[in-house]
Colleague: 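Pasting a structure below so you can have a look.
Quick caveat, the model's predicted, so the values are computed rather than measured. Protein chains get the first letters and strands the later ones, always in sequence-line order, with residue 1 at the start of each.
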Number of protein chains: 2
Amino acid sequence: MHEVANPVTTVETAFEIVEYIAEHDDAGVSEIAADLDRAKSTVHRHLGTLVQRGYLVENDGYSLGLRFLDLGLDARNGRPLYHEAHAKVDELADRTGEKVWCMTAENGRSIHLYGASGAQSVRTDSREGDVGYLHQHAAGKAILAHRPLEHVGNIVDRYGLPTRTDDTITDGDELFEHLERIRERGYAFNREESIPGLYAVGAPIADDRGVAIGALSISGPANRLAGETLTEEFPELLLGAVNEIEINLSHG
Amino acid sequence: MHEVANPVTTVETAFEIVEYIAEHDDAGVSEIAADLDRAKSTVHRHLGTLVQRGYLVENDGYSLGLRFLDLGLDARNGRPLYHEAHAKVDELADRTGEKVWCMTAENGRSIHLYGASGAQSVRTDSREGDVGYLHQHAAGKAILAHRPLEHVGNIVDRYGLPTRTDDTITDGDELFEHLERIRERGYAFNREESIPGLYAVGAPIADDRGVAIGALSISGPANRLAGETLTEEFPELLLGAVNEIEINLSHG
DNA sequence: AATACCTGTTTCGCTCACGGGAACAGAACT
DNA sequence: AGTTCTGTTCCCGTGAGCGAAACAGGTATT
């Protein structure tokens, strides 16, 4: 997993500060210095340079600058997956009325790449750009199931299997069994493993070499995602959409 | 303008590398080192640490990681302006059929905060997150016109008045005259100052202290944005929308 | 197949600048 | 005036970031 021998520690502290501010909006020098166990002077200098470059803004405390928006949308636009999935996600949300997500994986974590809401879709706290754990979602499990086993092992070693609800998979062997069945079936379910009362179906999107680079998912309340809607209708819709995306991705 | 005495140079080089990659997708160690005049080993170590943190990804060269998307959308979500303007921008795009933008300013630069396309809207190369110059757009000029003169002077000193088309304002005195008229009128026009053939109207959004924190604009082809559509109808629509946004911003 | 020429990786000292402590300043509140 | 926060500035020691060069791996060229 490409371990770095000597990371540039100064850059690490800079991003520690940035990430702290992302979580504690409008934080000040003293607060940051105290919480990150650094000298105030150090934090002060870092903040100054980050502001000067537009990565932070100062008004009544420091907060994230919109420079990150530029880079972030650039990063998303650079993914062919985003362009191909965009319209399909909208279409699925429209047809099903539920919440539809395109997820991808990076660094062993899941990322909500693009989402669309249907007419009656639930409102979760998920947001585009959100970073999460692959084993906690239908889409994430679909991705894991279509990756080399060794790769999955590395991810589990690296991040563990953090829990979210009583039904989150927290045992390695259990996860591998699940993935086995998902692989046979071709798509994954999520029954309250991330949010109580929320069900979901997810199907993987593979590149031309057959490796999953992302997934689509449809999620909604357990009472609506029941019976054949969950086990037949939605999977079929997903597989159709995924198939089209895969063709567009590989044909160029 | 809050000049920083001793910036953390290591952090600066890190972001130089990030910004280089933003412009040169899939760049490699040697290429970056050569173009930025640094030792390969230095670049290599920086890349390693940035990858480890999820800010870059490596596959056939380095490209921006989706970690930036997380931070970027966080930054945008942190702005009340974004939340209040969102629905209004959609509505204006729907009613006018043209391209509508909500812009804001940061660090003396303009940022496309949120945009919506109407049924017949032109396709420009503008993108959400884009960083530009305030004097080149209707929205940007609207913002400048409703900022303290001294503030405008600082911005001009800092960035100059880069040109884009034959009609871009490149002279300081001319700019101040324009701004004077915009201030009296309450909104700004852009007649091919950023893109040939493109006209636009922009109106400023002020906070409760009367300082412009952003602006809305409607832009389209010069042949459609002509006569009273440009001088009466669209300005009126904009002022109505802006007024509502301002109330929502200050009341809650 | 041997060469040349890229690429990225690693090593290893030098010295620069990052980091921390402390002193300073300014505001808010008692 | 005193206290206690805040953010800012100064300065010095040393840790670590930087660069040169050697090394390795891969591809193209002859």
Side-chain angles (χ1 to χ4, degrees), chain A residues 1-65 78 106-107 154 209, chain B residues 1-65 78 106-107 154 209:
Chain A
M1 197 80 271
H2 209 280
E3 281 297 314
V4 176
N6 344 339
V8 184
T9 59
T10 308
V11 175
E12 292 199 310
T13 67
F15 278 106
E16 269 175 37
I17 292 173
V18 167
E19 289 166 14
Y20 181 91
I21 290 171
E23 286 173 2
H24 304 78
D25 219 11
D26 290 322
V29 177
S30 303
E31 179 193 339
I32 300 172
D35 281 15
L36 296 183
D37 258 314
R38 316 227 82 120
K40 280 199 292 180
S41 58
T42 305
V43 173
H44 184 256
R45 242 148 55 85
H46 274 271
L47 290 174
T49 55
L50 288 167
V51 166
Q52 200 167 43
R53 294 233 150 206
Y55 292 101
L56 295 178
V57 285
E58 184 186 9
N59 52 2
D60 208 51
Y62 293 86
S63 44
L64 295 181
E106 205 172 276
N107 253 296
N154 285 336
R209 284 164 301 188
Chain B
M1 196 80 270
H2 209 278
E3 281 296 313
V4 176
N6 343 340
V8 185
T9 58
T10 309
V11 175
E12 292 200 308
T13 66
F15 278 107
E16 270 176 37
I17 292 173
V18 167
E19 288 167 14
Y20 181 90
I21 289 170
E23 287 173 2
H24 303 78
D25 219 13
D26 291 320
V29 177
S30 303
E31 178 192 342
I32 299 171
D35 281 14
L36 296 183
D37 258 313
R38 318 226 76 123
K40 279 198 293 182
S41 59
T42 304
V43 174
H44 183 254
R45 242 150 54 87
H46 274 272
L47 291 173
T49 56
L50 289 168
V51 166
Q52 200 167 42
R53 294 233 148 204
Y55 293 100
L56 295 178
V57 286
E58 183 186 8
N59 52 3
D60 207 50
Y62 293 86
S63 44
L64 294 181
E106 206 172 275
N107 252 297
N154 285 336
R209 285 165 301 187

Colleague: Taking atom C1' of dT7(C) as reference, at what distance in whole Å does atom CD of Glu58(B) sit?
Modeller: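 The answer, rounded to whole Å, is 12 Å.
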Colleague: Taking five pairs at each end of the helix from dA1(C)-dT30(D) to dT30(C)-dA1(D), what angle separates the two helix axes (nearest 10°)?
Modeller: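 The two end axes of the helix from dA1(C)-dT30(D) to dT30(C)-dA1(D) meet at 40°.
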Colleague: Would you kindly give the NE2-to-P distance between His44(B) and dG25(D), to the nearest whole Å?
Modeller: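 Distance check: His44(B) NE2 to dG25(D) P gives 14 Å.
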Colleague: Heavy atoms within less than 4.0 Å of DNA chain D: which residues of residues 22-32 of chain A have one? Give them sorted by number.
Modeller: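 Here the set is Gly28(A), Val29(A), Ser30(A).
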Colleague: List the atom pairs, with distances to 0.1 Å, where a side-chain N or O of residues 22-38 of chain A and a protein N or O form a donor-acceptor pair under 3.5 Å, not counting sequence neighbours.
Modeller:
residue: His24(A); atom: ND1; partner: Tyr20(A); partner atom: O; Å: 3.1
residue: Glu31(A); atom: OE2; partner: Tyr20(A); partner atom: OH; Å: 2.9
residue: Asp35(A); atom: OD2; partner: Tyr20(A); partner atom: OH; Å: 2.6

Colleague: Can you list everything that forms a side-chain hydrogen bond (donor to acceptor under 3.5 Å, both in side chains) with Glu16(A)? Sequence neighbours excluded, please.
Modeller: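 By the side-chain hydrogen bond (donor to acceptor under 3.5 Å, both in side chains) rule, Glu16(A) matches no residue at all.
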Colleague: Calculate, to the nearest 0.5 Å, the distance between atoms CG and CG belonging to Leu47(B) and Leu56(B) respectively.
Modeller: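 Taking CG in Leu47(B) and CG in Leu56(B), the distance rounds to 6.5 Å.
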Colleague: Output all residues satisfying side-chain hydrogen bond (donor to acceptor under 3.5 Å, both in side chains) with Glu19(A), sequence neighbours left out; order by chain, then residue number.
Modeller: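 In terms of side-chain hydrogen bond (donor to acceptor under 3.5 Å, both in side chains), with neighbours along the sequence ignored, Glu19(A) is linked to Arg53(B), Tyr55(B), Arg67(B).
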Colleague: If you take all heavy atoms of Val51(A) and Tyr62(A), which pair is closest and at what distance?
Modeller: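 Val51(A) and Tyr62(A) have their closest heavy atoms at CG2-CE2, 3.6 Å.
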Colleague: Using a 4.0 Å heavy-atom cut-off, write out nucleotides 14-19 of chain D from 5' to 3' as B (base contacted by protein), S (sugar-phosphate only) or - (no contact).
Modeller: ---BBB
Colleague: What residues form a side-chain hydrogen bond (donor to acceptor under 3.5 Å, both in side chains) with Ser63(B), not counting sequence neighbours?
Modeller: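 Residues passing side-chain hydrogen bond (donor to acceptor under 3.5 Å, both in side chains) with Ser63(B): none at all.
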Colleague: Can you list everything that forms a side-chain hydrogen bond (donor to acceptor under 3.5 Å, both in side chains) with Thr13(B)? Sequence neighbours excluded, please.
Modeller: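 Thr13(B): side-chain hydrogen bond (donor to acceptor under 3.5 Å, both in side chains) contacts with His46(B).
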Colleague: How many whole angstroms separate atom NZ of Lys40(A) from atom C1' of dG26(C)?
Modeller: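 The answer, rounded to whole Å, is 12 Å.
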Colleague: Can you name the nearest heavy-atom pair linking Thr49(B) to Pro7(A), along with the distance?
Modeller: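 The answer is CG2-CA, 2.9 Å.
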Colleague: How close do Thr10(B) and Val8(A) get, heavy atom to heavy atom, and via which atoms?
Modeller: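 Shortest heavy-atom contact: CG2-CG1, 3.5 Å.
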Colleague: Do other residues, nucleotides or ligands put more than 12 heavy atoms under 6.0 Å from the CG atom of Asn59(A)?
Modeller: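 Atom CG in Asn59(A) is packed in, count exceeds 12.
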Colleague: In whole angstrom, give the distance that lies between atom CG of Asn59(B) and atom C1' of dG8(C).
Modeller: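 It is 16 Å, rounded to the nearest whole Å.
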